[in-house]
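Inspection log for the structure reproduced underneath, given as structure tokens.
The figures here come from the full heavy-atom set of this structure, side chains too, leaving out hydrogens, waters and symmetry mates.
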Amino acid sequence: MAPEPPLLSMTTITKSFPGVRALDGVDLDVQAGEVHCLLGQNGAGKSTLIKVLAGAHQPDTGSIRWRGEEVTLRSPITAMRLGIATIYQELDLVEHLSVAENVHLGHEPTAAGFVVRGRAAREATAALLARLGHPEIAPGRLVGELSAAQRQIVSMARALSHDVRLIVMDEPSAALDPDEVDNLFRIVGDLTAAGVAVVYISHRLEEIRRIGDRVTVLKDGRAVAGGLPARTTPTRDVVAMMTGRTVEYVFPERPARDPAAGAPLLEVRGLARDGEFEPLDLTVRAGEIVGLAGLVGSGRSEILETVYGARRPDAGQVVVEGRPLKPGSVRAAVRAGLGLAPEERKAQALLMLESVTRNVSVSSMSRFSRGGWIDRAAELAAARAATRELSLRPDSPAAPVRTLSGGNQQKAVLARWLLRGCRVLLLDEPTRGVDVGARAELYAVVRRLADEGRAVLLVSSEVPEVLGLADRVLVLREGRVVHTAPARELDEHRVLDLVMEGSPAS
């Protein structure tokens, strides 16, 4: 008896853009009921491949077979009608619409040929959210009011509102805490048990081990390995295939000097916001990296945004180099030498349609203003110097920042604050959506910036990252500090125990 054909077969797919060959003869086959993991550095071709699968891009050459028959995916609607749904990392939800309206957007429930805009959509949405383990998300709530993790669930509900046979998940765990990741994996297990295939993209190799069946590795637009067993292929081999070298999560060595010997650059005294985090005291000294570890919802990002002035505190004050800042004022914070690299860099930090130069210079424009005119040559020279200091690639200041990889976009944000002369850097999830090789580069950059005398306050949902980079760690749970210690005295298991148990502060 002949074996069942793959649910999906993509054969010798090529796709070029002006000056770039994004896909160079890629093959991918996916079986019904499996989790097929797609790995590769930023720029390897993953995003282009899944956009071809989603019908958003048309391949230049190659063929796609779906359930044994050759198909042409002319549009996302064509793909969805066949049963192919894609959940992108940058969620394409409409913030001013309700949860139910987003879930059923484009295929609203009907009766007698007319669109039904009320109870039917809400009831169907509530059933999907319950299936996903989140009955607390109200179908009538505006998506713009939801957390990043809740939006991820809504996007998944929208995919499941169709009769899907294959779901592509692009970095689905990036905004989730460990409990949410467990729930995500439960959902994936339920889907595959019902015969639905999942193409899973993640930079977290430990997730691939846990959830994947097979792995395809892309590098420079080519599939350098296809169908590898996810659980038994050595990590070093996978990383070597992705990068062409044996790069791992290598953290730079901490300095031999005592970071506590530096002058205090940032002091937080009794800072608090009702319902978000309790009164907090911390000091970050010149040359020191202090890490905030905790689950999503522990108050980590809220603390950084309040220190930066994007949120107004209900109590306490922020002091930079001995000078108290005006509460709730970003302008005062930046003038004092504070710079924030936010968690959502594309939405909150970068001007995606503008050039690298303009993104780097935007907070320092007064330096280049001459009688109401901008000195473009001076602006370009300063931005180029800042980006070269961080080895931003490609070295093309005129290129739109949207064309850069995640790691280089993050470098552009850091270059902005270097050009501004900031001495205190607030980094919220600095390596989110950044590939293995670029992570190592960013780690080295952050360590070097501290070694040059800056103070760094770091937030990351990845405990090994906090422990590997920080000199000192504050562990948070439900808005309060439950433990403070030098990073060398902690390990991942200890931190996870603390954030789950909420031991008394020390």
Side-chain angles (χ1 to χ4, degrees), residues 85 87-105 107-109 116-162 164 167 169-194 196 198 200 207 211 273-278 294-303 305 311 343-344 347 428-429 432 459 461 476-480 482 496 499-502:
I87 303 172
Y88 294 102
Q89 181 180 0
E90 303 296 333
L91 302 178
D92 52 350
L93 300 175
V94 183
E95 293 193 354
H96 66 272
L97 295 182
S98 71
V99 170
E101 289 169 331
N102 270 277
V103 167
H104 294 283
L105 190 63
H107 65 115
E108 291 81 359
V116 178
R117 294 191 180 275
R119 182 180 300 175
R122 291 193 297 272
E123 289 178 349
T125 300
L128 286 169
L129 293 170
R131 176 183 174 187
L132 293 171
H134 283 270
E136 79 284 357
I137 300 177
R141 192 174 178 188
L142 292 180
V143 161
E145 299 173 352
L146 302 181
S147 68
Q150 289 172 322
R151 295 184 192 199
Q152 182 73 263
I153 296 299
V154 172
S155 192
M156 293 180 66
R158 183 166 68 180
L160 293 178
S161 69
H162 299 267
V164 294
I167 297 182
M169 297 183 176
D170 186 7
E171 297 283 356
S173 66
L176 306 182
D177 66 28
D179 286 342
E180 293 286 354
V181 173
D182 289 342
N183 184 56
L184 169 67
F185 289 174
R186 178 193 63 78
I187 294 165
V188 171
D190 290 345
L191 290 170
T192 55
V196 176
V198 175
Y200 191 92
E207 292 185 0
I211 197 175
R273 270 182 61 88
D274 294 344
E276 292 182 353
F277 58 91
E278 297 180 7
L295 304 179
V296 172
S298 64
R300 305 167 314 179
S301 296
E302 291 81 0
I303 290 171
E305 291 174 4
R311 297 175 186 242
E343 178 180 7
E344 300 289 345
D428 193 353
E429 301 285 4
R432 180 179 176 185
V459 163
S461 57
L476 298 169
R477 182 176 186 269
E478 296 180 353
R480 65 188 181 95
V482 296
L496 291 175
V499 298
M500 297 302 292
E501 296 173 2

Using side chain to side chain donor-acceptor pair (under 3.5 Å) as the criterion, list what pairs up with [X], not counting sequence neighbours.
| X | value |
| --- | --- |
| Asp428 | Ser301 |
| Glu302 | none |
| Arg311 | Glu276, Glu305 |
| Ser98 | Glu101 |

Atom CG in Leu132, atom CD1 in Ile153: separation rounded to 0.5 Å? 5.5 Å
Gap separating the CD1 atom of Ile137 from the OG1 atom of Thr125, nearest 0.5 angstrom: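 Answer for the CD1-OG1 pair, Ile137 versus Thr125, is 11.0 Å.
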Without hydrogens or angle criteria, can the side chains of [X] and [Y] be said to hold a donor-acceptor pair below 3.5 Å?
| X | Y | answer |
| --- | --- | --- |
| Gln152 | His134 | no |
| Ser161 | His104 | no |
| Glu207 | Tyr200 | yes |

Kindly write out the residues that satisfy salt bridge (charged side-chain N to carboxylate O under 4.0 Å, His left out) with Glu123, not counting sequence neighbours, or none if the list is empty. none
Please name all residues satisfying side-chain contact (heavy atoms from CB on, under 4.5 Å) with Asp182, sequence neighbours left out, ordered by chain then number.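 So Asp182 forms a side-chain contact (heavy atoms from CB on, under 4.5 Å) with Asp179, Arg210.
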Quick test of your reading: applying salt bridge (charged side-chain N to carboxylate O under 4.0 Å, His left out), list the pairs with at least one residue in residues 127-149, sequence neighbours left out, ordered by first then second residue. Arg141-Glu145
